[in-house]
Amino acid sequence: MRKLILLLALSGITITGFGQTKPMEIPLYKDAVPNAVAGPNEEKLEIRPNKSQSITKVRTPTLTVFLPAKGKANGTAVVICPGGGYAKLAFSHEGLDVAQKLTERGVAAFVLKYRLPDSTVTSNLEITPLQDAQQALYLVRQRAQEWGVNPERVGIMGFSAGGHVASTAGTHFNRPQIPNRENFSLRPDFMVLVYPVISGDSAISHKGSFANLLGKKPAAEKLKTYSNETQVTAQTPPTFLLHASDDKTVPAQNSVVFYLALLQHKIPAELHIYQNGGHGFGLNNKTTQDQWLERCLNWMASNKLLGGGPKN
């Protein structure tokens with residue numbers, strides 16, 4: 001908890017929180033963490049000179065809960081998956097900072113500290129990030145009434161490799177990796193994918209992310225399974241995509257191929273590609289005065305994903 005308080009303070013987020021509710025970090029799993037490999041807790045928080053924070057060696061996944069002031073809350077919720085190439089989590093500028101902005105606009109936000117595919121932490125590398133994403137969606141729906149959330153408006157947002165986590169949750173929801181006795185839907189109601197890792201196609205893939213998740217020489221069928229543009233169906237959730245043309249880390253074609261797959265299956269989708277911005281800009285692309293989060297919220301509103309408050 002001390003580590004979280006430090007993180008929030010360095011992010012300019014006060015512990016007094018928003019309205020009546022403080023941001024709080026809770027365990028993702030009530031009982032034992034699935035596929036856990038016994039060992040010491042080596043989780044490390046790195047704070048850079050610009051105050052951005054990254055986390056490695058996550059052993060105990062958590063959800064940091066940001067709830068909007070009661071009068072502002074619109075019932076919509078978003079689980080946020082920070083990026084980091086499946087090697088670390090860019091927890092502040094692709095997590096906490098985004099959550100703060102969303103709550104200011106009435107959206108409940110849940111920053112997922114998910115386990116990375118690390119053999120010292122988990123016995124099943126490839127499914128562990130998806131497992132944690134599914135558990136986050138499950139937990140938000142399980143506690144929807146308590147948190148003032150409409151369980152039919154729970155989305156997922158991901159940045160970079162976190163975009164791969166999010167898009168996997170949005171295309172593999174029929175492959176449950178967690179116990180779900182209540183049979184809650186594990187399908188996100190919408191996705192927001194920001195400069196996402198999507199494809200294992202060697203011409204456009206972020207090879208480091210796929211190597212960390214699947215190994216350096218994955219079987220072709222395994223690579224296809226996690227190339228999420230090939231997994232889009234008529235049940236895939238509506239999706240907002242954002243990228244920059246000059247992204248040299250994760251080529252913009254990742255967003256393009258996913259968008260085209262969504263169009264093929266007649267899924268509501270919107271794609272924004274900035275001329276410049278590179279990779280990892282978080283909330284603020286400094287090459288433009290445009291604010292992508294506003295465009296995203298406009299898209300959500302046009303698709304009836306905002307407003308109306310929690311479902312009774």
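Numbering of residues begins at 1 and proceeds along the displayed sequence.
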Just say parallel, tilted or perpendicular for the rings of Y114 and Y86, cut-offs at 30° and 60°.
perpendicular
Take L125 and N35 through the side-chain contact (heavy atoms from CB on, under 4.5 Å) test and state the conclusion after the steps.
CA-CA 9 Å; L125 276 62; N35 302 322; over 6 Å; no
To the nearest 0.5 Å, atom CD of E270 lies from atom CG of N298 at 8.5 Å
Look only at the side chain of Q53 and the backbone of I47, and say whether a donor-acceptor pair between them is shorter than 3.5 Å.
no
Note: E46-K88 ion pair, threshold 4.0 Å (strictly below):
no
Looking only at non-hydrogen atoms, find the nearest pair between A90 and P82 and report the distance.
O-CB, 3.4 Å
Would you say the side-chain atoms of Y138 and E182 include a donor-acceptor pair closer than 3.5 Å?
yes
If we only count heavy atoms from C-beta on, is the Q235 to N174 side-chain gap below 4.5 Å?
no
Exactly one of I156, I80, L67 clears side chain to side chain contact (heavy atoms under 4.5 Å, CB included) with F110, and that residue is L67
Between S160 and H279, is a side chain to side chain donor-acceptor pair (under 3.5 Å) present by the stated rule, with each step listed?
CA-CA 8 Å; S160 194; H279 188 76; 2.9 Å; yes
With rounding to the nearest 0.5 angstrom, report the OG to NZ distance, S54 to K44.
8.5 Å
So, taking the atom named CE in M24 and the one named CG in L63, what distance separates them when rounded to the nearest 0.5 Å?
9.5 Å
Might you work through the side-chain contact (heavy atoms from CB on, under 4.5 Å) test for F190 and V154, ending with a clear yes or no?
CA-CA 7 Å; F190 59 92; V154 179; over 6 Å; no
If I compare all heavy atoms of S245 with all of I273, which pair ends up nearest, and what's the gap?
OG-CG2, 3.3 Å
Over 12 foreign heavy atoms within 6.0 Å of CZ, R187:
yes
Could you check M191 against F240 for side-chain contact (heavy atoms from CB on, under 4.5 Å), going step by step and ending with a plain yes or no?
CA-CA 6 Å; M191 294 188 286; F240 179 94; over 6 Å; no
Heavy atoms, side chains only, cut-off 4.5 Å: are L213 and H164 in contact?
yes
Within a strict 4.5 Å, meaning less than it, do heavy atoms of the S255 and L193 side chains meet?
no
Please report the shortest heavy-atom distance between W147 and L139, naming the atom on each side.
CZ3-O, 3.9 Å
Polar contact flag, side-chain donor to acceptor under 3.5 angstrom, S199-N228:
no
Check whether the ring centres of H93 and F281 lie less than 6.0 Å apart, and answer yes or no.
no
For the atom pair OG1 (T62) and CG (L112), what is the distance rounded to the nearest 0.5 Å?
7.5 Å
Output yes when a side-chain donor or acceptor of N180 lies under 3.5 Å from a complementary backbone atom of F184, and no otherwise.
yes
Nearest-0.5 Å distance that lies between atom CD1 in I127 and atom OG1 in T122:
7.0 Å
Non-hydrogen side-chain atoms of L306 and T76 separated by less than 4.5 Å
yes
Q275 and D246: side chain to side chain donor-acceptor pair (under 3.5 Å), yes or no, with the steps?
CA-CA 7 Å; Q275 179 175 322; D246 63 348; over 6 Å; no
For T230 and S227, indicate whether the former's side chain and the latter's backbone hold a donor-acceptor pair under 3.5 Å.
yes
Salt bridge K113-E43, side-chain N to carboxylate O under 4.0 Å:
yes
Separation of I267 CD1 from T239 OG1 (nearest 0.5 Å):
7.5 Å
Side-chain donor-acceptor pair present, T287, N276, cut-off under 3.5 Å:
no
Can you tell me if Q145 has over 12 outside heavy atoms packed within less than 6.0 Å of its CD?
no
Evaluate the side-chain proximity of V107 to N74: yes if any heavy-atom separation is below 4.5 Å, no if none is.
yes
Pair R105 + E294: basic N to acidic O under 4.0 Å:
yes
Run the salt-bridge test on R141 and D189 with the 4.0 Å N-O cut-off and return the result as yes or no.
yes
Determine, for R143 against E146, whether the closest basic-nitrogen to carboxylate-oxygen distance falls under 4.0 angstrom.
yes
Heavy-atom pair of closest approach, residues P68 and G106
CG-O, 3.5 Å
Got more than 12 heavy atoms from elsewhere within 6.0 Å of NZ, K72?
no
Could you go through the side chain to side chain donor-acceptor pair (under 3.5 Å) check for Y195 and E94 one step at a time?
CA-CA 11 Å; Y195 40 82; E94 293 178 353; 2.7 Å; yes
Hey, does P117 have a side-chain heavy atom less than 4.5 Å from the side chain of T128?
no
Please walk me through it: do R115 and D132 pass salt bridge (Lys or Arg N to Asp or Glu O under 4.0 Å)?
CA-CA 7 Å; R115 291 169 294 160; D132 289 353; 2.7 Å; yes
List the steps, then state whether ring-ring contact (aromatic ring centres under 6.0 Å, His included) holds for Y274 with W292.
CA-CA 10 Å; Y274 290 122; W292 69 260; 8.7 Å; no
Stepwise, does the side-chain contact (heavy atoms from CB on, under 4.5 Å) test hold for L130 with V165?
CA-CA 6 Å; L130 172 60; V165 177; over 6 Å; no
Is there a side-chain contact between V65 and I26, using heavy atoms and a 4.5 Å cut-off?
yes
Any heavy-atom pair between the side chains of H172 and T225 that's under 4.5 Å?
yes
Under 3.5 Å side-chain donor-acceptor pair for Y226 and E126
yes
